[in-house]
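We number each residue from 1, following the sequence as shown. All figures in this text were calculated on a predicted structure; none of them were measured in a lab. Heavy atoms only: backbone and side chains are in, while hydrogens, waters and symmetry mates are out.
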Amino acid sequence: MPEKPDAPGKAEGDQKSWRPPDGSWASSAARRRNMQAIRNRDTQPELTIRRLVHALGLRYRVAARPLPDLRRTADLVFRPARVAVFIDGCYWHGCPEHYIPPRTNEAYWSEKVTRNVIRDRDTDERLTNAGWAVLRYWAHEDPTECARQIAETVRRRREEPK
């Protein structure tokens, strides 16, 4: 099947004539495509931990809002037990062990990661104030240990008197 000549990123010389849309942070068409392809859910660390938690007999909501009025989603949500689980990527959430500052467009990306960290702390505080247990794991942590801790927390909270 022939490619459409007007398809973005497909035309000969497209890199030289490409201009970012108004208000875009993209420095090139290739960078824009790359950034758009990054998943915000169903990452490999999330899938691994979900599979392990499911194997331990627990059921959960995926990418759900713990609180209806909070416009943020947790990776796993155990509503009756009020447990919200976040599996944070090292780059996007500023891991103290693995975060490497960007080499291009430093100001934008460093500020973006800083905003993410501030939003994460705000989310933790709001959920904790609403009576939720917040569990945060880095993507590089041992998934078996993460799943064990999640299961332990959910089971303990299910047993607590309300």
Side-chain angles (χ1 to χ4, degrees), residues 20-27 31-162:
D22 289 339
S24 175
W25 42 261
S27 56
R31 171 61 60 202
R32 184 173 180 80
R33 278 193 310 278
N34 178 280
M35 297 309 292
Q36 288 176 328
I38 293 173
R39 294 172 170 262
N40 65 352
R41 64 170 278 184
D42 298 335
T43 62
Q44 193 56 56
E46 286 178 42
L47 293 173
T48 303
I49 290 172
R50 285 182 358 209
R51 181 177 38 80
L52 292 167
V53 168
H54 191 273
L56 292 170
L58 297 175
R59 302 301 176 257
Y60 46 83
R61 299 279 176 212
V62 175
R65 288 183 182 184
L67 301 173
D69 58 335
L70 184 62
R71 291 190 56 215
R72 298 168 191 168
T73 60
D75 298 315
L76 285 79
V77 175
F78 300 87
R79 282 215 174 89
R82 299 178 88 166
V83 176
V85 180
F86 299 87
I87 295 108
D88 294 337
C90 291
Y91 179 78
W92 297 109
H93 296 269
C95 172
E97 287 180 53
H98 299 108
Y99 176 73
I100 298 170
R103 282 178 266 165
T104 57
N105 208 355
E106 275 183 64
Y108 176 83
W109 291 113
S110 294
E111 188 178 306
K112 167 78 173 140
V113 171
T114 300
R115 286 192 317 265
N116 288 349
V117 171
I118 291 168
R119 186 187 63 237
D120 291 345
R121 298 297 80 78
D122 181 61
T123 300
D124 294 351
E125 184 178 337
R126 289 178 188 221
L127 289 173
T128 301
N129 290 343
W132 285 70
V134 178
L135 302 176
R136 283 196 180 268
Y137 299 99
W138 293 110
H140 67 265
E141 290 187 64
D142 176 27
T144 305
E145 182 58 24
C146 296
R148 188 194 63 72
Q149 289 174 10
I150 292 166
E152 184 180 296
T153 302
V154 170
R155 290 187 176 122
R156 185 179 66 248
R157 289 186 58 100
R158 284 179 177 168
E159 294 170 0
E160 288 177 359
K162 300 216 176 181

Side-chain donor or acceptor of R82 paired with backbone N/O of R157 under 3.5 Å: no
Can you confirm whether L127 sits close enough to L70 that some side-chain heavy atom of one is under 4.5 Å from a side-chain heavy atom of the other? yes
Quick one: are P45 and P143 in side-chain contact, heavy atoms under 4.5 Å? no
Would you say V85 and Y60 make side-chain contact, with heavy atoms under 4.5 Å? no
R59, CZ: over 12 other non-hydrogen atoms inside 6.0 angstrom: yes
Positive for side-chain hydrogen bond (donor to acceptor under 3.5 Å, both in side chains) with R126, one of N129, T128, D122: D122
All heavy atoms of C90 vs all of H140, minimum pair found to be SG-ND1, 3.1 Å
If I compare all heavy atoms of A64 with all of R61, which pair ends up nearest, and what's the gap? CB-CB, 3.8 Å
Any chance you could measure D88, atom CG, to E141, atom CD, to the nearest 0.5 Å? 9.5 Å
Which heavy-atom pair separates R158 from A81 by the least distance, and what is that distance? CG-CB, 4.0 Å
State, yes or no, whether a side-chain contact exists between Y137 and Q149 at a heavy-atom distance under 4.5 Å. yes
Under a 4.0 Å N-O cut-off, is there an ion pair linking R148 with E152? yes
Does H93 reach the side chain of W138, with side-chain heavy atoms less than 4.5 Å apart? yes
I want to check something: taking the side chain as every heavy atom from C-beta on, are W92 and D120 in contact at a cut-off of under 4.5 Å? no
Closest approach of A147 and L56, non-hydrogen atoms and distance? O-CD1, 3.7 Å
Evaluate whether atom CZ of R103 has more than 12 neighbouring non-hydrogen atoms of other residues, nucleotides or ligands under 6.0 angstrom away. no
Give the minimum heavy-atom separation between T73 and P66, together with the two atoms involved. CA-CD, 4.5 Å
Inspect the contact between E111 and R115 and indicate whether a charged nitrogen and a carboxylate oxygen are less than 4.0 angstrom apart. yes
Do D42 and R50 have side chains that get closer than 4.5 Å, going by heavy atoms? yes
Do L58 and R155 have side chains that approach each other closer than 4.5 Å (heavy atoms only, starting at C-beta)? yes
Taking all non-hydrogen atoms of both residues into account, name the closest pair between A74 and F86 and its distance. CA-CE2, 3.5 Å
Distance, nearest 0.5 Å, that separates CD1 of I87 from CD of Q44: 12.0 Å
Does I150 form a side-chain contact (heavy atoms from CB on, under 4.5 Å) with F78? I'd like the steps, not just the answer. CA-CA 10 Å; I150 292 166; F78 300 87; 3.7 Å; yes
Rounded to the nearest 0.5 Å, what separates atom NE2 in H54 from atom CD1 in I49? 15.5 Å
Cut-off 3.5 Å, side chains only: do R119 and N116 have a donor facing an acceptor? yes
